[in-house]
Every structure is written in C-alpha cells, then in structure tokens.
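What follows is a single structure, written as structure tokens, with notes after it.
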Amino acid sequence: MFISFHGADQNVTGSCHLVSCNDTQILIDCGLYQGGRELTEENRQPFGFDPADVDYLLLTHAHLDHVGRVPLLVKQGFRGEIITTAASRELAKLVILDAAHLQEEEAEWQSRKLARRSHNKAEKVEPLYNTLDALDCLDYFGRNARYANALKLADGIQATFFDAGHILGSASILLQLEEAGESQRVLFSGDLGYNGRAILRNPAPPDEVDVVVMETTYGDRVHKALQPSVAELYQAINDTFARGGNVIIPSFALERTQEVLYYLREGVETGQLLASMQVFLDSPMAISATEIFRRHTECYDEEACELFENGQDPFHLPGLHFSRQTAESKAINRIGGGAVIIAGSGMCTGGRVRHHLKNNLWNEKCSVLFVGFAARGTLARIIIDGAKRVKLFGEEVRVRASIHTIGGFSAHADRDELLSWYRQLGNPSRTFLVHGEQEVMQAFAGQLQNTEVIMPELGQEFPLRVE
Ligand SMILES: [Zn+2]
Ligand SMILES: [Zn+2]
C-alpha cells in the first residue's frame, strides 16, 4: 500500500493524489494548477505516473482545481472508471467544458500574438486540451456515489463519500484498504466547508480514520461570521438604491452565485430588501449551474429542502432575470440605477463583469460588492486595494463607485472549523497536509497533536503501513 502526491503539494491548486493497493491504482482528484504563468505551465508537465495504469478516479468535488486535468488524464491513456456524486458529475461536466473552451480561446490568442511577432507563421500554441478531449473524458464517468454508502472498487478496496459541506455535491472520500492481512482507513478531506451555511448540509466526516489527507487553505486564520456579512450585503444594496445607483456583484458561477441569490430571496421575503428590486444574473455558466442546483435537492440542508417541498424555489425572487445571450447582457447597460447585476468572473479577470464595471465604476451612485477571494494581481484585488483609476478595454476608468468587500461568504472552513472537523476523526496516526500555502500549513501543523504530520512535496511517495 502506497500513497503518492501529484498536485496541491505546498500549494493550493492542482489537487491530485494516488493510492495503490493490491495492484489497483486509485487517483483522488485530478485538478488544474491555477495562478501565475509558472503554475499554469505545471499543467503541461507529466503527471508523475502513467495514466493508463490508473483504475479509478474519485472526484471530491467539481471545482476546476480538482477536476481540471481530467481531459488530459484521458488523453494520456486513462481508461478506468470515474466516480463522484450525481451533483458533482453534472457540475464537473459544466466546469470541464468551460475550461476546454477557455483553453482554446487562450491558445488562439497566444498564437495570434506569436504570428504578429515572428516570421514563422506555422508556429501555433496548442491548447492544453480542447472541447473534443473534454467530451471524451465524460464517457468515463461511471457509478454515482451516494453519501455514506460504501462502493466496492476491488477485492479489499472500498470507497465511501461523506458530505464535505463545501459546494453542492462535495465530499470527503474514505478508502478502506486491505492488503496482506493489514487494513487501513485513509480519508481525503477534499475541500471543506463549515456548519450553518445556506443550502448545504454540515460536513459529516467518518469517526474512525488511520490516515488523513487534509486541505489547509485557511488553516491560519478565522473568518468573519456569516450573519453580519448578510446584513452588510443588504445594507450596501439599500444604500446604493437610495442614491439611485446600480450594485455590481462580481461572482463565481458555482456556489457563490447561488448563495447570493438565496440571500437576496430571503432579504425580499423578510422585508429587508425591496420586492421591486431588479436582479440580473448575467453569466451563462452561473445560469446553468443554478439549474443544476435546482435538480439536486438531495444535497440540500433541511431549510432549503423545506422551501423546495413547499413549492418554493430557493434561488428565485420576483425581479430576477437570466441573461444568457450577449444581446440581453448588453441591454443591461441601459439601466442607470436600481439594479443588482451579478456577473463573472469573480476576480474580474475576464467575462461580462468587466463591461458592467466600465459602465458603473465611474458613477459615484453605484457600488461594487466583492463577495469572494481576490488573488494578487487581479482586477478585483486592484480595485479592493483602492486604485483610483483602472484600465478596461483600453480605456481609463475612474473609480468613484463605493467599493465593499464582504468577507463572510467563504466556501472554505477556517482554522477553527478545520480543527473541529479534524477532532471528529478519532485519532489519525498520520496527517498529510495539502492544498495550502507553505506558511499557512506550517501554522496549522502547530495546532495538531498526537499525530505524525507530513507536508508532502510534489512526487513524493509514502508506504501506508499499520503503526
Ligand atoms: Zn473547492
Ligand atoms: Zn480546492
């Protein structure tokens, strides 16, 4: 029995871990590296194992940093079975196809840039994978996993998915392994959410684990509480409407958008927001994701289930408009005030939100509400950090709208929530920390006792043995 690490090691993105037991190879997640050029280049490096030898790929959830290299895995020879929850399967399809489209666009843009600069016209940048590769990989999705139901992978190997409370369909995955009379319970946390979030149930890990592989994204800090953040959201919207302006919410298509819709609906129902408020969801991907959310009530918490059973749609409010087509999106530009516009991308690095920023950022009556993580160097971060002017579509735009950052909507557990999840696992003898920056992981490691803590490096392998 061995475990080896092929992504998200001393780093947040590119999750990919391999377990081998009785000649069966099981891969947990196959995510894309995201971030600067150096990280993106990492996606073109060999996996560190032969994809053709892998028998099973288990996916914890549908975020790109966990599923974004699946088409590449299949392209390089994987012919096994992909297993995940029904909700993750649908969301992963959406995410993977969108990623392929973006890769194609990016490669074409790079090729044109190259052609302008060099004499050699034949030089072309190839996308990491294209839409056809993305469609191919969908053929390998097999059984759907149900929470807390063990699936047999091979003799002596079982996998069980447990709710991780991070995004719809997200799971921690327990492998029960038996080899030569020895047995091990190895748990992969996936990304973890926390108790009391909208729509999702609380994380529910198994209570006895020998080895845990755990995410540490926010292992060194404590988040703002959720309820004050919801109040802040309502206040900012009401203040902006009182001034006669629009509210722009740059948002991530998966989970964050649905959460915002959920709270806007609740705000209208409880009289904290105007029922006449017009809300535009201006993102084809977010609209599709919302439809997938509607279909997977089996993942809802009690409150969202109750709404649904009473014939109510948790994501619908009276003034909500979906703008799938470009023409519909452009029509929003004519609205001078009184609208909430939710558009991607969350970090404003691309997408329709940039048009809305161009139209509203200069206007002191308007507001921009940031409800998610903004990485260094992104337009979102530049605005949050107080830039007076920004460049949009080659034009300089003054920043006069009021800028709010609402911190309580994280999809990730913070340090205390990670620890309380960890304490439910019994007493793991070994703890591998992954999916975190080095300093953050170090800080989190200091909180753990009575366990051997390992922060693996890319490509490292360890025997899984009984202590
Ligand atoms: Zn995630
Ligand atoms: Zn992640």
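This structure is a prediction, so every number in the text was calculated from the model and none was measured. Counting starts at 1 for both ligands and their atoms, following the listed order.
- When you scan the N, O or S atoms of His435 for the one nearest the Zn ion (ligand 2), you land on NE2.
- Protein N/O/S atoms nearer than 2.8 Å to the Zn ion (ligand 1) total 4.
- Ring to ring, His66 and His435 are close: their centroids are under 6.0 angstrom apart.
- In terms of the side-chain hydrogen bond (donor to acceptor under 3.5 Å, both in side chains) criterion, residue partners of Ser367 (sequence neighbours excluded) are, by chain and number, Thr240, Arg243, Ser402.
- Taking a cutoff of 4.0 Å between a charged side-chain nitrogen and a carboxylate oxygen, Arg221 and Asp414 do not qualify as a salt bridge.
- Classification of Glu298 and Arg146 as a salt-bridged pair fails, no side-chain N sitting under 4.0 Å from a carboxylate O.
- Contact check for Ser4 versus Phe49: no side-chain heavy atoms found under the 4.5 Å cut-off.
- Side-chain atoms of His223 and His412 include no donor-acceptor pair closer than 3.5 Å.
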